[in-house]
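This report concerns only the one structure given below.
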Amino acid sequence: MNYVSKLTSVLSDDLADWHKARLKFMARFVGSLLKLTTVNFSDLALALKPGVQASSNYRRIQRFMADFTFDFDAFGQLLLRLLPQKSGFTVSMDRTNWQFGETEINVLMIGVC
């Protein structure tokens, strides 16, 4: 998993306050999301870290989602740094709102084209 060390290195530049285990988890998690194109924890647990029981990976994902507070400012800085440093980009934005049972769901998606 060469991408894990490379992505961990990229993440560590902007997320310096994260410890190495958290950075490696995030690299594996992002890789699994991109590879499987799903957010189903059971599926992600199978691809997260080969050689580890899926139940252990599943629990690791659950703990991350339940306990971790995400620093959106630091993540935004990371995303800006990863953008190519040339002009000519268009920012696209879409917002949607719907109701799932009694729960309001509001999603804002911003992309760079």
Subject >> Between CG on residue Asp43 and NZ on residue Lys35, distance to nearest 0.5 Å >> reply: 12.0 Å
Original post:
Between atom CG of Leu108 and atom OG1 of Thr96, what is the distance when rounded to the nearest 0.5 Å?
Top reply: 10.5 Å
In the structure I gave you, are the side-chain heavy atoms of [X] and [Y] within less than 4.5 Å of one another anywhere?
X	Y	value
Trp18	Ser12	no
Ile110	Val91	yes
Phe64	Arg22	yes
Trp98	Val107	yes
Met65	Phe29	yes
Leu78	Val10	yes

Original post:
Does Thr8 use its side chain to pair, donor to acceptor, with the backbone of Val4 at less than 3.5 Å?
Top reply: yes
Subject >> Any donor-acceptor N/O pair, Gln85 side chain to Leu83 backbone, under 3.5 Å >> reply: yes
Check whether [X] and [Y] end up in the same hydrophobic cluster, where Ile, Leu, Val, Met, Phe, Trp and Tyr are linked by side-chain heavy atoms less than 4.5 Å apart.
X	Y	result
Phe89	Leu80	yes
Phe25	Leu34	yes
Leu36	Leu7	yes
Val39	Phe41	yes
Val52	Tyr58	no

Looking at every heavy atom in both [X] and [Y], which two are closest together, and how far apart are they?
X	Y	answer
Pro50	Ala47	CD-O, 4.2 Å
Cys113	Ser92	SG-OG, 3.7 Å
Leu11	Ala27	CD1-N, 4.2 Å
Ala54	Leu46	CB-CD2, 3.6 Å
Arg28	Leu48	CD-O, 3.3 Å

Subject >> Crowding at CD, Gln53 (>12 non-hydrogen neighbours, <6.0 Å) >> reply: no
Original post:
Of all residues at least two apart in sequence or in a different chain, which pass the side-chain hydrogen bond (donor to acceptor under 3.5 Å, both in side chains) check with Asp73?
Top reply: none
Original post:
Which pairs count as salt bridge (charged side-chain N to carboxylate O under 4.0 Å, His left out) when at least one residue sits in residues 77-91, sequence neighbours excluded?
Top reply: Asp13-Arg81, Asp14-Arg81
